[in-house]
Amino acid sequence: METVSIVLILLLAVVVSGAVSRMLPVAIPTPLVQIALGFVVGLVTHLRVVLDPELFMLLFLPPLLFLDGWRIPKDALFKDLSTVVELALGLVLLTVVGMGFLIHWMIPAMPLAVAFALAAVISPTDPIAVSAIAARVPIPKRMMHILEGESLLNDASGLVCLRVAIAAALTGSFSATGAALNFFWMAGAGILVGVALTLLVTRTKAWVSRRFGEETGSQILISVLIPFGAYLIAEHVHASGILAAVAAGVTMSYAEISRQALAVTRMRRNSVWDTIQFAANGMIFVLLGEQLPEILSGLDQTVALTGHSGPWWLALYVAAIMAGLAALRFGWVWVSFRITLLRRAPEGQTGSSPPWRLVAAMSFAGVRGAITLAGVLTLPMVMGDGTPFPGRELAIFLATGVILSSLVLASIGLPLLLRGLTMPPEPSQQAAEDMARVAAAEAAIKAIERVQHALAEGRNDADVYAAAGARIMDGYRERIESRSAGSDASHAARANERIERELRLAAVRAERAEIMSIARERGLGSELAAKLVRELDLLEVRYK
């Protein structure tokens with residue numbers, strides 16, 4: 001019962017955090033509100049969460065990374081793939097090495113392998129925290145796509161580096177060749193497991209659905225189980241479960257294109273995954289806040305590990321780590337963007353330097369969040385001989401300080417830097433959209449004609465079917481004409497579409513309000529009212 005009570009309290013805190021963050025007069029990111037609520041829960045209740053690192057990693061990371069891989073725009077990712085790889089792999093390795101030596105130099109009592117492990121967990125960034133911070137200051141789409149791609153890859157690369165560092169700490173030895181081979185095995189086998197499992201499951205699911213029909217609930221449950229299955233299988237063969245979950249998500253987006261699910265399945269599945277994402281991310285930050293009272297209560301023992309007596313030394317270490325992270329990220333982003341601009345400059349011209357505000361915004365966007373917390377909590381409790389893992393409490397405190405500091409600094413600096421910031425222009429997708437809409441409309445007209453003739457064949461009232469088909473086809477022909485017309489006519493047609501959409505939305509909302517009013521007065525049964533409202537909800541989603 002105590003475990004159930006803890007879970008319910010944490011979920012309630014996540015729900016309350018969403019409302020509180022919207023009520024506040026200033027733009028405070030939701031993760032900070034969730035940490036504060038978790039801190040209050042930890043202070044006023046006697047419930048304590050003892051986090052099992054392996055269980056924590058299994059419950060939270062696979063679904064979150066799977067969903068990131070599933071939903072990230074693949075064309076946008078591949079467009080800036082070189083920049084994403086430079087940030088996600090090069091910057092992570094530089095951060096692990098550079099910050100590992102810096103932390104060990106500042107705190108000699110922390111073994112070098114543990115310092116590298118701490119550097120590995122503070123290297124991944126968290127785009128969800130960034131989007132929460134910039135909720136009232138829109139991030140340019142291209143910049144957000146780069147941040148999402150960077151986070152998707154550096155989550156995996158940072159945590160693989162963490163595994164290597166922990167292994168070195170437990171065994172007391174490190175081999176560069178062995179570490180490289182281990183890295184490539186964990187990465188390659190993890191990706192292969194994720195891709196293979198997803199393809200096997202989606203193809204089997206599609207075969208069953210074609211022959212025996214599709215049940216929405218089971219389809220949604222299968223999508224939830226895939227990341228956990230990929231993670232567990234990869235871990236069983238000593239590969240990276242994190243990369244397996246990421247690869248499964250990326251593969252899922254491609255598998256869905258060729259093996260379509262029912263429309264109702266897709267809509268309900270999106271809602272389920274939105275809820276999972278909100279709950280899992282929120283619970284991670286609430287758990288961080290809930291752990292803070294216990295972390296702060298042990299400050300004396302934690303600072304003693306550093307050889308000092310004043311707790312302010314811990315704040316100094318966090319500030320030094322933040323300065324090192326900021327310097328590394330700013331320098332790497334500048335060099336990466338500079339190389340990218342040089343590579344894409346026309347022949348005979350030299351690439352210009354990237355705007356300092358863009359580099360600064362990308363640097364401030366390096367917020368640490370859920371992955372950093374999840375990673376640091378996976379540090380083992382004891383060594384192989386049963387002795388306590390050296391510096392674990394200190395590493396958790398420093399990682400927590402980095403998370404909080406990066407969130408606070410980004411919430412102040414990022415909105416200022418983003419205001420009025422523009423990324424290099426992207427090519428318009430309007431022509432591709434028009435082509436797709438015209439092709440879809442032509443396919444619809446052919447299908448209507450075919451079904452209309454099949455339904456009307458041999459009937460005396462065939463003209464009724466012809467009239468109904470003509471009314472529907474007129475709408476599709478109007479779309480074809482508007483999307484195939486010249487530039488001025490096309491702009492005018494799109495303006496008319498916007499006006500019509502607003503009018504239809506107003507009409508749908510009025511319909512729904514009237515139906516609910518009738519239902520409240522007992523003029524409609526609840527089942528019939530729910531059916532009519534659901535139809536109107538689907539129409540509203542379509543028009544939006």
Side-chain angles (χ1 to χ4, degrees), residues 29 31-32 35 83-84 86-107 110 112 114-130 133-134 143 146-147 150-162 165 288 306 313-337 354 356-376 379 391 394-414 416-417:
L32 281 178
I35 292 171
T83 303
V84 169
E86 289 164 5
L87 290 171
L89 299 182
L91 182 56
V92 165
L93 294 177
L94 178 65
T95 301
V96 171
V97 175
M99 294 305 301
F101 281 114
L102 175 63
I103 293 169
H104 180 64
W105 174 77
M106 290 192 304
I107 313 173
M110 179 177 285
L112 184 59
V114 180
F116 280 136
L118 176 57
V121 300
I122 61 177
S123 60
T125 56
D126 187 354
I128 297 170
V130 175
I133 291 169
M143 178 178 173
I146 293 175
L147 291 172
E150 177 196 3
S151 175
L152 184 64
L153 295 181
N154 70 16
D155 288 348
S157 56
L159 292 174
V160 169
C161 290
L162 171 64
L288 171 58
T306 67
W313 277 97
L314 297 177
L316 182 62
Y317 289 143
V318 171
I321 292 173
M322 287 297 301
L325 288 172
L328 287 175
R329 185 172 179 84
F330 187 92
W332 189 273
V333 169
W334 189 89
V335 171
S336 176
F337 280 16
W356 74 268
R357 283 184 64 201
L358 175 59
V359 177
M362 288 292 294
S363 301
F364 268 91
V367 178
R368 274 63 183 178
I371 301 299
T372 294
L373 177 62
V376 76
L379 292 177
L394 178 59
I396 292 176
F397 179 88
L398 294 177
T400 303
V402 168
I403 294 172
L404 294 175
S405 300
S406 64
L407 282 169
V408 171
L409 291 175
S411 64
I412 296 172
L414 194 56
L416 297 176
L417 292 168

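For the numbers below, each heavy atom of this structure counts, side chains included, while hydrogens, waters and symmetry mates do not. No experiment lies behind these values; they were computed from the predicted model shown.
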For residues 95-103, which side-chain N or O atoms pair as donor and acceptor with protein atoms under 3.5 Å away, sequence neighbours left out?
from, atom 1, to, atom 2, distance (Å)
Thr95, OG1, Leu91, O, 2.7

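Of the inter-residue distances, the one linking Leu409 atom CG with Met322 atom CE reads 5.0 Å to the nearest 0.5 angstrom. Rounding to the nearest 0.5 Å gives a distance of 4.5 Å between CG of Leu314 and CZ of Phe397. In this structure, CG in Leu325 is found 11.5 Å from OG in Ser363, a value given to the nearest 0.5 Å. Expressed to the nearest 0.5 Å, how far CD1 of Ile321 lies from CG of Leu398 amounts to 4.5 Å. Phe116 CZ to Cys161 SG: the interatomic distance, rounded to the nearest 0.5 Å, is 10.5 Å.
Across every non-hydrogen atom of Ile396 and Thr400, the tightest pair is O-OG1, 2.7 Å. A pairwise comparison of heavy atoms in Gly158 and Ser123 identifies CA-OG, 3.8 Å as the closest pair. Among all heavy-atom pairs drawn from Phe364 and Gly413, the shortest one is CE2-CA, 4.1 Å. Between Val376 and Ala399 the shortest heavy-atom distance is CG2-CB, 3.8 Å. In terms of heavy atoms, Arg368 sits closest to Leu407 at O-CG, 4.2 Å. Between Ala395 and Leu379, the shortest heavy-atom distance links the atoms CB-CD1, 3.8 Å.
Residue pairs meeting the salt bridge (Lys or Arg N to Asp or Glu O under 4.0 Å) criterion with at least one member in residues 323-333, sequence neighbours excluded: Glu150-Arg329. For residues 317-326, the side chain to side chain donor-acceptor pair (under 3.5 Å) pairs, not counting sequence neighbours, are His308-Tyr317.
No donor-acceptor distance shorter than 3.5 angstrom exists from the side chain of Ser405 to the backbone of Val402, with no hydrogens or angles considered. In this structure, the side chain of Thr372 does not engage the main chain of Ile122 through any donor-acceptor pair within 3.5 Å.
The residue from Val92, Ile146, Leu147 that alone fulfils the side chain to side chain contact (heavy atoms under 4.5 Å, CB included) condition with Leu87 is Ile146.
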